[in-house]
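Notes follow the structure.
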Amino acid sequence: MLDGVTPWPAALAAGYRERGYWRGENLSDLLREWSRTYGDRIALVHADRRISYAGLDQQVDRMAAGFRRRGIAAGDRVVVQLPNVPEFVIVCFALFRMGAKPVFALLAHRANEIRHLCALSGAVGYVVQGTYRGFDYAALAADTMAESPALEQVFVVDGLAGAEGFVPLAEVDAQPEPLVSPDPSDVAFFLLSGGTTALPKLIPRTHDDYAYQTRIAAELVGLSAEDTYLAALPVEFNFAWGCPGVIGTLRAGGTVVLAADADPDECFEAIERERVTFTSLVPTVAQLWLDAVEAAPFGSSSLRLIQIGGAPLQREIAERISPAFDCQLQQVFGMAEGMISFTLETDPAETVLSTQGRPISPGDEIRIVDEADADLPPGSTGELLVRGPYTLQGYYRAPEHNARAFTEDGYYRSGDLARLTPTGELVIEGRIKDVIIRGGNKISAAEVEGHLLTHPAVDRVAVVAIPDLFLGERICAYVRPVDEPPTLQTLRDALHDLGIADYKLPDRLEIVTDLPLTGLGKVDKKFLAKDAAAKADTLQKD
Ligand code: AMP
C-alpha cells in the first residue's frame, strides 16, 4: 500500500472479503477479462471514433509499456486533466496496468489547482490536451512544470514534440511486455474531494473498492451488454466514472459514448444516433435538458434510465423527468469519498420523487448523529456518518485533517444533514459543511475566502451560498474593504489572474462595514446565508 494512505482496519477488511464485496480484482485485469469476453464489441465511442474492447485492451498494453519505457514506475502519481475523450480511459487503464496512479484533475482547473495537486501527490507526470476550447493546457503545463520540482514529464494528447520534458502521447507507445498485476488492495487512482478545506484533498480509491462499487452499482441498475451509457458529465467526476458510469458499463460489456459536454443539442443527437439507454446528470443539466426536450420532443427515445444526483434535486424537476423522456428517473446521492445511495426501479413513485434512496451495499454502515456524535432517534435529521467497503478511511497525506474528518472507529463525517424515512431511504436535508454547490461543482468557502484575502483591497471576507434558480447556488462574497471598496469585476479578475478556476470566482459582492459575529466571536455565516437568500431575487443572471 502506498505511503500516506489509511487502510481499512484488518477486521473490517477481512469481513468485506468474507462477504464477497472485495474479490481481489484489479481494474487492469478486469479490462483484460472484458476484452476476452466482449472482444469486437464497441467499448468506446467518441464522435466518429469507435474502439472495441479488444482494441482498447491492446492500446492500453502498448501505452503501459510506453509509460514504463519513459521512466514512469509502479507507485508513481500522474495528474490526468483531459476532456471526455477516449484517451482519458486509455491513459487511466494504462497507468492502472503498470501500477501508477492517476490523479483526476478537473478540466476546469487552472494553475493554482494543478500546482497544488502536483505538490500534494508528488506527481512525476501530467497528461493534458494541448489546447481545448480555446484554453492552452500546454502553456499551463509548462508553468506547472517550472514550479513543481517532482514533475518531470508532460504527456500531450494532441501535442507535437516541443519543449524539454514534453512528450506527445502518441509516442508513449512500446511493444507490450509482461507486467506485475497491481495489488487489489492498493490505490488504483485518486479522486478529488469537493471538501471544506482551503485546498482540495486527494481521495485514494483502491482496485478492490472501486471494482466493488462499480459492480454493485451496475447490478442495481440492471446493466447488460445491450446498454449504452452517455457520459455527458465530465468523466473525472465519480458520478460519471463509476456510479456505475464508464467503468460499470464496460464491466457489463456495454458501450460508453463520450460527449464533449452536457449541451442538450449535442447529447440528444448522440442519444438518437447511438441508441443510448442511460445517462447521469446533475440537476442543473437536467433542467436544461427538460427545457430542450419539452420544446422539441424525441421521436422515439432509447433511454430507459436517467440518474440525477450530485446536488439537491427540486421536486418540480424530478416530476418532469419521466414524462418528458419516457424513461425511469433514479435519484442518486453520492460522494467521491465513497458511499452512494440510489432509488430503484421497484420503488414506489413517491420514493423516487422525494428521497435519495438506499445505500447500494449491504456493507454500507450509516449513522445519523447530533453535534456530540450521539445517534439520533429514527426519523431525526442530523449529520450523516458513513463507513463501508468503498468509503475511504482517510485522505491521502492529510493526518491532521483526517483526525477531524473521521470518527475514531473510521466513520467518515460527510458534512451532509440527512434523515432516514421509516422504510430506510435517505433524505438529504442540507449541509453543515462550508461548501457551495454551484451547478455540478463543489466549492470550499474557505478556499475562496483565502484567495480573496490576498487582494490588497480586502480586509475581512466571508463567502456563502446565494440561492439561484438555475445553478442551485452561486457564490456570494461579503467583504469589509481596507479602504476604497473593490468592485466584483476587480476581484474576479484578480482571482482569475492568480490562476484560480473560473467556477470558484464570486458571482456577487456585498460590501459591509463589518462582518456579523456569533456569540463565540466567529463570523455568523448563518446570518449571512439568510441575508444572501433575501437578496437572491436581485441577483443578475449570467
Ligand atoms: P462529490 O464528492 O463532489 O461527489 O460531492 C459530494 C457531495 O455532494 C455530498 O457530500 C453532498 O453534499 C452533495 N450531494 C451529492 N448528491 C446529492 C444529492 N442527491 N442531493 C443533495 N446533495 C448531494
Residues Arg438, Asp507: salt bridge by 4.0 Å N-O rule: yes
Aromatic plane relationship, Phe189 with Phe96 - under 30° parallel, 30 to 60° tilted, over 60° perpendicular: tilted
Suppose the criterion is ring pair (Phe, Tyr, Trp, His ring centres under 6.0 Å): which pairs have a residue in residues 111-130, not counting sequence neighbours? none
Is it the case that atom CG in Asp3 sees more than 12 heavy atoms from other parts of the structure closer than 6.0 Å? no
Just do the side-chain contact (heavy atoms from CB on, under 4.5 Å) check on Tyr396 and Leu2 with the steps written out, would you? CA-CA 9 Å; Tyr396 184 53; Leu2 206 62; 4.0 Å; yes
Have Asp183 and Ser185 got a donor and an acceptor in their side chains that come within less than 3.5 Å? yes
With Glu236 via salt bridge (charged side-chain N to carboxylate O under 4.0 Å, His left out) - residues at least two apart: none
Got a salt bridge between Asp61 and Arg32, using NZ or NE/NH1/NH2 to carboxylate O under 4.0 Å? yes
Between Phe135 and Tyr137, does a ring-ring contact (aromatic ring centres under 6.0 Å, His included) hold up when you go through it step by step? CA-CA 6 Å; Phe135 184 77; Tyr137 287 90; 4.7 Å; yes
Results of salt bridge (charged side-chain N to carboxylate O under 4.0 Å, His left out) for Asp136 - residues two or more places apart only: none
Centroid-centroid under 6.0 Å between Tyr411 and Phe406 rings: no
Would you list the atom pairs, donor with acceptor, under 3.5 Å between side chains in residues 148-157 and any protein atom, with sequence neighbours excluded?
unit_1	atom_1	unit_2	atom_2	d
Ser148	OG	Thr144	O	2.8
Gln153	NE2	Arg70	O	2.7

State which residues pass side chain to side chain contact (heavy atoms under 4.5 Å, CB included) with Asp434; sequence neighbours excluded, sorted by chain then number. Ala445, Lys525
Would you call Asp261-Arg133 a salt bridge at under 4.0 Å N-O? yes
Quick one: side chain to side chain contact (heavy atoms under 4.5 Å, CB included) partners of Ala142, sequence neighbours excluded? Phe166
For a quick test of your reading: what N or O donor-acceptor pairs under 3.5 Å do the side chains of residues 248-258 make, sequence neighbours left out?
unit_1	atom_1	unit_2	atom_2	d
Thr249	OG1	Gly245	O	2.7
Arg251	NH1	Ala211	O	2.8
Thr255	OG1	Ile42	O	2.8

Can you tell me how the ring of His401 sits relative to the ring of Tyr395, calling it parallel under 30°, perpendicular over 60° and tilted otherwise? tilted
Taking only residues at least two apart or on different chains, which pairs with a member in residues 37-51 satisfy side-chain hydrogen bond (donor to acceptor under 3.5 Å, both in side chains)? Arg49-Glu87, Arg50-Glu274
In sequence, state the C-alpha distance, the side-chain angles, and the governing distance for Thr277 and Asp227, and then conclude on side-chain hydrogen bond (donor to acceptor under 3.5 Å, both in side chains). CA-CA 6 Å; Thr277 60; Asp227 276 299; 2.6 Å; yes
Determine, step by step, whether Asp29 and Arg97 satisfy the side-chain contact (heavy atoms from CB on, under 4.5 Å) criterion, reporting the C-alpha distance in whole Å, the side-chain angles of both residues, the deciding distance to 0.1 Å, and the verdict. CA-CA 8 Å; Asp29 291 351; Arg97 187 148 289 173; 5.9 Å; no
Would you check if the distance from the ring center of Phe333 to the ring center of Phe239 is below 6.0 Å? no
Result for side chain to side chain donor-acceptor pair (under 3.5 Å) between Ser361 and one of Tyr16, Tyr21, Tyr212 points to Tyr212
Assess the side chains of Asn238 and Gln213: does a donor N or O sit below 3.5 Å from an acceptor N or O? yes
Do Arg36 and Leu31 have side-chain heavy atoms sitting under 4.5 Å apart? no
Got a sec, which residues hit side chain to side chain contact (heavy atoms under 4.5 Å, CB included) with Ala73, two or more places apart in sequence or on another chain? Asp76
Salt bridge present between Arg413 and Glu337 (N-O < 4.0 angstrom): no
Summary of salt bridge (charged side-chain N to carboxylate O under 4.0 Å, His left out) pairs that have at least one residue in residues 184-199, sequence neighbours excluded: Lys101-Asp186
For Arg205, check salt bridge (charged side-chain N to carboxylate O under 4.0 Å, His left out) against everything at least two apart and list the hits. Asp209
Could you pull out all residues at least two apart from Pro7 that satisfy side chain to side chain contact (heavy atoms under 4.5 Å, CB included)? Met1
Can you find a heavy atom in the side chain of Phe278 that is under 4.5 Å from one in the side chain of Pro244? yes
The test is ring-ring contact (aromatic ring centres under 6.0 Å, His included); show your working for Tyr210 and Tyr390 and say whether it passes. CA-CA 7 Å; Tyr210 219 70; Tyr390 59 96; 8.9 Å; no
